[in-house]
Amino acid sequence: MGAAVTRAIRNFNLENRVEREISRMKPSPAPRHPSTKNLLREQMSSHPEIKGEIARKDDKLLSLLKDVYVDSKDPVSFVQVKDAGTPQKPKEFRLPKDHHSDMMNVNNIPKGKISIVEALTLLNNHKLYPDTWTAEKIAEEYHLEQQDVNSLLKYFVTFEVKILPPEGKKAIQSK
């Protein structure tokens, strides 16, 4: 039943809509590259005044163009002002805490930042031993801001997998 209604709506006034679409002026597509040279040559030979019109300079347009003046200045960014005034101090770096740095090719880490391995380690340490690995100790140990550590501990947790055997069935023994 729904298909019949849809078909009736789709076919309503179809002939008038088709005739209107066919009679509508359609833009002609741009000529393709190989045929462009031939068409231009034909037009130039049949209408030589076009060549003169292309080469002629319009004095009125040139005078208007001379009146146009654009004054543009880029906004001075904070970094450029800082560079121009005083030389930058070298950033402070620290060595990675664990021996996993050879695995990741990390030689030094900027202060205030941690690597993925360190983030997982400190999250796991805080999860297992929350009394010893407090936010203050983590901030001091890894040279981080206290607010960043609090947010890290609040919003991120490590992934933990627990495999529980189904109740009433025996667990399959591994070989």
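- In terms of heavy-atom proximity, Val149 sits nearest to Ala135 at CG1-O, 3.5 Å.
- Between Leu152 and His126, the closest side-chain pair of non-hydrogen atoms is not below 4.5 Å.
- Once rounded to the nearest 0.5 Å, the distance linking CG of Leu144 with CD of Glu118 reads 8.5 Å.
- Among all heavy-atom pairs drawn from Leu123 and Phe156, the shortest one is CD2-O, 3.7 Å.
- Of all the heavy atoms in Val117 and Thr121, the pair that sits closest is O-OG1, 2.7 Å.
- Note on Tyr129: it clusters hydrophobically with Ile138, by side-chain heavy-atom contacts below 4.5 Å among ILVMFWY residues.
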Report the C-alpha separation of Leu122 and Trp133 in whole Å, then their side-chain angles, then the decisive distance to 0.1 Å, and conclude whether the side-chain contact (heavy atoms from CB on, under 4.5 Å) test is met.
CA-CA 8 Å; Leu122 72 88; Trp133 285 96; 5.6 Å; no
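- With salt bridges taken as basic N to acidic carboxylate O contacts below 4.0 Å, one links Glu21 and Arg24.
- At a threshold of 4.5 Å between side-chain heavy atoms, the hydrophobic network of Ile, Leu, Val, Met, Phe, Trp and Tyr places Ile114 and Tyr155 in one connected group.
- Residues satisfying the salt bridge (charged side-chain N to carboxylate O under 4.0 Å, His left out) criterion with Arg10, sequence neighbours excluded, are absent altogether.
- For the pair Leu61 and Leu65, the minimum side-chain heavy-atom distance is 4.5 Å or more.
- Under a cut-off of 6.0 angstrom, the local environment of NZ in Lys66 is sparse, with at most 12 non-hydrogen atoms contributed by other residues, nucleotides or ligands.
- Here CG of Leu62 is found 11.0 Å from CG of Asp67. Values are rounded to the nearest 0.5 Å.
- Tracing side-chain contacts under 4.5 Å through hydrophobic residues (I, L, V, M, F, W, Y), one reaches Leu153 starting from Leu128; they form part of the same cluster.
- Under the side chain to side chain donor-acceptor pair (under 3.5 Å) criterion, the residue pairs touching residues 39-57 are Asn38-Arg41, Glu53-Arg56, with sequence neighbours excluded.
- The CG atom of Asp131 sits 11.5 Å away from the NZ atom of Lys137 when rounded to the nearest 0.5 Å.
- Glu19 contributes atom CD, which lies 10.5 Å from atom CG of Asn13 (distance to the nearest 0.5 angstrom).
- Here the straight-line distance linking atom CG of Leu64 with atom CG of Asp58 works out to 8.5 Å at 0.5 Å rounding.
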